[in-house]
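Below is one structure, written out as structure tokens, with a few remarks after it.
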Amino acid sequence: MGGASASAAAAVHVPVPARKLNPESLVLNQETEKLKPSCGSLAQLLAPMGGLGEAEEATAGKVAMGGASLLRLVAAALLAAGLVAESAVPPPLPVLPIPNAAQLAWQRREVIMFFHFGMNTFTDSEWGTGTEPPSLFSPAALNATQWMDAAEAAGASLAILVAKHHDGFCLWPSAYTAHSVRASPWHGGAGDLVREFTDAARARGIDPGLYLSPWDRHDARYGREVDYNEYYLAQLRELLAGYGTVSEIWFDGAKGKNATSMTYHFQEWFQTVRQLQSAINIFSDAGPDVRWVGDEQGSAGTTCWSTVNRSSITIGSDGIEKYINEGDPRGTDWVPPECDVSIRPGWFWHRNETAKPLSQLLRIYYNSVGRNCVLLLNAPPNSTGLVEDADIARLREFRAAVTRIFGTDLAKGGAARASSERGAGFGARNVLDGCDDTYWAPTAEDGLKNGYWIELRRPAANAARPFNVVRIQEHVALGQRVERHEVYVDGVAVASGTTVGHKRLHRLARPVAGRTMKVWFAARRGVPLVSAVGLHLDPYATDVM
């Protein structure tokens, strides 16, 4: 993805001229790493700035611990004692729209889980007809705690249950229909899968979410606008008022082409959700909090904005896929995309299907999490009520691979410098500190010249270690800004792209080794705010998007 060919790369060099640095602004990053304060306001006030130039690095080890470190400690002590007055540099203004707290927390989850289980599991289908008798629902060994083994194996912190799919069968004993677990032989009609699921999730420290299909092929009220919307809202209240805190509610826009015409009262639904659960994220094609990515392959657009104009999206309509896949830089609503995909070919369990190979799951990860999305990964339990052992093993293999790739940052311990810095607390070195809430902020003047850039200089001991993944992250709490970027290693172009957002991952055509890595940014909406830049080795990369 975004890799340049070797011949083309060799001929392209960084278009930004070298800039002479003020030696007094340089920071000895490698030797002072252990003295860096933790994330927070003090860190913002005392954070190091700038980085080492080539000439200065040779003398870094001689003076770091004796000079710069001592001065920093003295300065901190004087500030703490109130003997030195220093005004903090304020953060830049946000570029609207920006995420709310729940959206920001959701984005940082990165991988969450979906569980499709219901009547279709027992009829070997994907879309039921609504005529299936409740007696078919009879899982002999259902164990929601075992489902959380699957979620935990994938590293998920949120798990969403399909409480009612299009066939209308309810996995909780709804008071508003007889078509539910109450009429099934499971637990003698006394079962409540939503209860078991939410309890099992919380016991593991996993936040529960719920899916309630608007399309209902069973209920006779479907097609009668007022009657059905009243029915749907009543069930929504049952789920959101009766099972504790729910972190995400899913409104699926899917409906068969020959389905009965029905007008959904989405605004009434959304406002009722907000009334019942104020911190919940609402998912639909158009949000209002999280939007569908536009496909079910787990792939966002190579350009992917978190912003859209919700008024331009009609939930459930055809022709919106490209718009919601890419987002809109002029969008006035912050509605980031969620990539839903199953680890098997189908959403529901089928005996003749198996989990996707690791290589495909990693490709999905790069195309979703690596393109500013959250990955919603489905693991369908089988007809006994358990997730297949082989599926859990594949999820565990997937998480282990992601941890292996990104658990080591080959830029760690290096130095950072940039085209400019806003001031104390916004230095280039912040991209190496591992904190989501600190970031590099340049001055606006760079945008009027040759653009914004940040350069990492790897420690000499790591310079020969190859990498094939470049990770870039924006501080999206203040808005999404980057519209174009280019990556250079020792002056040679290796990758390029458009948006960055929460996270952009470039998997290079081949591993490279270099001393310096520079990223150039174009951002007309406001100066880029970059929270992290990392270099990683993906040993599984046998193909590149």
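Heads up: numbering here begins at 1 and tracks the sequence.
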Problem set entry | Short side-chain to backbone donor-acceptor contact, Arg291 and Ser284, under 3.5 Å | no

Problem set entry | Any donor-acceptor pair under 3.5 Å from Arg371 side chain to Ser299 backbone | no

For this session: Salt-bridge test for Lys322 and Glu326: reply yes if a basic N is under 4.0 Å from a carboxylate O, no otherwise.
Result: yes

Exercise. According to the side chain to side chain donor-acceptor pair (under 3.5 Å) rule, which pairs have a member within residues 523-533, sequence neighbours left out?
Worked result: Glu483-Arg524

For this session: Look only at the side chain of Asp328 and the backbone of Val308, and say whether a donor-acceptor pair between them is shorter than 3.5 Å.
Result: no

Problem set entry | Residues in ring-ring contact (aromatic ring centres under 6.0 Å, His included) contact with Trp106, at least two apart in sequence or another chain | none

Which atom pairs, one a donor and one an acceptor, fall under 3.5 Å between side chains of residues 96-105 and the rest of the protein, sequence neighbours left out?
| unit_1 | atom_1 | unit_2 | atom_2 | d |
| --- | --- | --- | --- | --- |
| Asn100 | OD1 | Ala102 | N | 3.1 |
| Asn100 | OD1 | Gln103 | N | 2.8 |
| Gln103 | OE1 | Asn100 | N | 2.9 |
| Gln103 | NE2 | Asp289 | O | 3.0 |
| Gln103 | NE2 | Trp334 | O | 2.8 |

For this session: Check step by step if side chain to side chain contact (heavy atoms under 4.5 Å, CB included) holds for Ile343 and Phe398.
Result: CA-CA 11 Å; Ile343 65 167; Phe398 165 69; over 6 Å; no

For this session: Keeping to residues at least two apart or across chains, list the salt bridge (charged side-chain N to carboxylate O under 4.0 Å, His left out) pairs with something in residues 400-409.
Result: Asp409-Arg471

For this session: Give the ring-plane orientation class for Trp147 versus Phe115, where under 30° counts as parallel, over 60° as perpendicular and anything between as tilted.
Result: parallel

For this session: I would like to know whether Leu535 and Val470 meet side chain to side chain contact (heavy atoms under 4.5 Å, CB included); could you show each step before the answer?
Result: CA-CA 5 Å; Leu535 306 175; Val470 177; 4.1 Å; yes

Exercise. Would you say the side-chain atoms of Glu474 pair up with the backbone N or O of Gly501, donor to acceptor, closer than 3.5 Å?
Worked result: yes

For this session: Kindly indicate, with the supporting measurements, whether the criterion side chain to side chain contact (heavy atoms under 4.5 Å, CB included) is fulfilled by Val374 and Leu158.
Result: CA-CA 11 Å; Val374 167; Leu158 167 64; over 6 Å; no

For this session: Mark yes or no for whether Tyr323, through its side chain, and Asn309, through its backbone, hold a donor-acceptor pair below 3.5 Å.
Result: yes

Exercise. Do the side chains of Thr307 and Asp333 get nearer than 4.5 Å, heavy atoms only?
Worked result: no

Problem set entry | Side chain proximity check, Ile454 to Glu421, heavy atoms < 4.5 angstrom | no

Problem set entry | Between CE on residue Met113 and CG on residue Leu375, distance to nearest 0.5 Å | 9.5 Å

Exercise. With sequence neighbours left out, what residues match Val489 under side-chain contact (heavy atoms from CB on, under 4.5 Å)?
Worked result: Phe467, Val494, Val512, Met517

Exercise. Heavy atoms, side chains only, cut-off 4.5 Å: are Trp440 and Arg422 in contact?
Worked result: no

For this session: Just jot down the ring-ring contact (aromatic ring centres under 6.0 Å, His included) partners of His502, sequence neighbours excluded, or say none.
Result: none

Seminar exercise, completed: Rounded to the nearest 0.5 Å, the OH atom of Tyr366 sits from the CG atom of Leu362 at a distance of 6.5 Å

Exercise. Within the side chain of Arg457, is there an N or O that forms a donor-acceptor pair under 3.5 Å with the backbone of Ala415?
Worked result: no

For this session: Using a 4.5 Å cut-off on heavy atoms from C-beta on, say whether the side chain of Leu508 contacts that of Val487.
Result: no

For this session: Would you sort out whether Thr499 and Asn372 count as a side chain to side chain contact (heavy atoms under 4.5 Å, CB included), showing the intermediate values?
Result: CA-CA 8 Å; Thr499 52; Asn372 189 39; 5.8 Å; no

Problem set entry | Residue pairs fulfilling salt bridge (charged side-chain N to carboxylate O under 4.0 Å, His left out) with at least one residue in residues 102-115, sequence neighbours excluded | Arg108-Asp436, Arg108-Asp437, Arg109-Asp207, Glu110-Lys503

Exercise. Quick one: does Glu296's side chain get under 4.5 Å of Asp340's, heavy atoms only?
Worked result: yes

Exercise. What pairs with Thr408 under side-chain contact (heavy atoms from CB on, under 4.5 Å), at least two apart in sequence or on another chain?
Worked result: Leu410, Arg465

Exercise. Under a 4.5 Å cut-off applied to non-hydrogen side-chain atoms, are Gln146 and Val387 in contact?
Worked result: yes

For this session: Output the distance between atom OG1 (Thr438) and atom CG (Leu529), rounded to the nearest 0.5 Å.
Result: 11.5 Å

For this session: Starting at OG1 of Thr443, measure out to CZ of Phe426 and round the result to the nearest 0.5 Å.
Result: 13.0 Å

Exercise. Does Ser306 offer a backbone N or O that forms a donor-acceptor pair with the side chain of Gln480 under 3.5 Å?
Worked result: yes

Problem set entry | Check: Val111 and Arg399 side chains under 4.5 Å, non-hydrogen atoms | yes

For this session: Spell out, as yes or no, whether a donor-acceptor pair under 3.5 Å connects the side chain of Ser342 to the backbone of Gly346.
Result: yes

Seminar exercise, completed: Shortest non-hydrogen pair, Ala523 vs Tyr452, comes out as O-CE1, 4.0 Å

Problem set entry | By salt bridge (Lys or Arg N to Asp or Glu O under 4.0 Å) - contacts of Asp538 (at least two apart) | Arg507

Exercise. When rounded to the nearest 0.5 angstrom, what is the spacing between NE2 in His116 and CG in Asn378?
Worked result: 5.5 Å

Exercise. Is a side-chain donor or acceptor of Arg202 paired with a backbone partner of Thr245 at a separation under 3.5 angstrom?
Worked result: yes

Exercise. Is Ser359 reaching over with its side chain to a backbone N or O of Tyr540, donor-acceptor style, under 3.5 angstrom?
Worked result: no

Under 3.5 Å, sequence neighbours excluded: what are the donor-acceptor pairs made by side chains of residues 148-155?
| unit_1 | atom_1 | unit_2 | atom_2 | d |
| --- | --- | --- | --- | --- |
| Asp149 | OD1 | Arg204 | NH1 | 3.0 |
| Asp149 | OD1 | Arg204 | NH2 | 2.4 |
| Glu152 | OE1 | Arg204 | NH1 | 3.2 |

Exercise. Considering residues at least two apart in sequence or located in another chain, which fulfil the ring-ring contact (aromatic ring centres under 6.0 Å, His included) criterion with Trp292?
Worked result: none

Seminar exercise, completed: With sequence neighbours left out, the residues meeting ring-ring contact (aromatic ring centres under 6.0 Å, His included) with Phe283 are Trp250

Exercise. Is the shortest heavy-atom distance from the side chain of Trp520 to the side chain of Glu455 under 4.5 Å?
Worked result: no

